[in-house]
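Encoded as structure tokens, the structure appears first; notes follow it.
Atom set for the values below is all heavy atoms of this structure, side chains included, hydrogens, waters and symmetry mates excluded.
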Amino acid sequence: MSKKITIEKLQLKSSKVLSEIAERRQELGISQADLAYQLNMTPSGYFKIEKGESKLDLIRLFEIAYYLKIDAKKLF
């Protein structure tokens, strides 16, 4: 029997992924502004993604993972 997916579980998972991204970015010494530049977006736009105020699509997730030199699958 499969587990039921709830909004709460999805939000918790999303928060974990965003925390992993922020942690990895900091480990590499990359500022939010520098990563935003690499992603061709404004620093405030990237800040909103990392804080969970803006939705992160899969394409952008893979771009972020590329610049942070991690496998996107490991974020989950």
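Separating the NZ atom in Lys48 from the CD atom in Gln32 is a distance of 13.0 Å, to the nearest 0.5 Å. The OG1 atom of Thr6 sits 9.0 Å away from the CG atom of Leu12 when rounded to the nearest 0.5 Å. Atom-to-atom distance recorded for Arg25:CZ and Leu35:CG is 7.0 Å, nearest 0.5 angstrom. Between the OH atom in Tyr37 and the OG1 atom in Thr42 there is a gap of 14.5 Å [rounded to 0.5 Å].
Judged purely by atom type and a 3.5 angstrom limit, Ser15 uses its side chain to pair as donor or acceptor with the backbone of Gln11.
More than 12 heavy atoms of other residues, nucleotides or ligands lie within 6.0 Å of NZ in Lys9, so this atom counts as buried by the packing criterion.
A side-chain contact (heavy atoms from CB on, under 4.5 Å) with Ser14 holds for exactly one of Val17, Leu10, Leu18; it is Leu18.
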For residues 61-76, run the donor-acceptor check on the side chains, cut-off 3.5 Å, and write out each pair with its distance to 0.1 Å, sequence neighbours left out.
residue : atom : partner : partner atom : Å
Glu63   : OE1  : Arg60   : NH1          : 3.1
Tyr67   : OH   : Gln38   : O            : 3.4
Asp71   : OD1  : Lys73   : N            : 3.1

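Scored by the side-chain hydrogen bond (donor to acceptor under 3.5 Å, both in side chains) test, Ser19 finds no partners at all (sequence neighbours excluded). Considering only residues two or more places apart in sequence or on other chains, Glu27 meets the salt bridge (Lys or Arg N to Asp or Glu O under 4.0 Å) condition with Arg24.
Hydrophobic clustering (ILVMFWY, side-chain heavy atoms < 4.5 Å, transitive): Leu58 and Leu56 are in one cluster.
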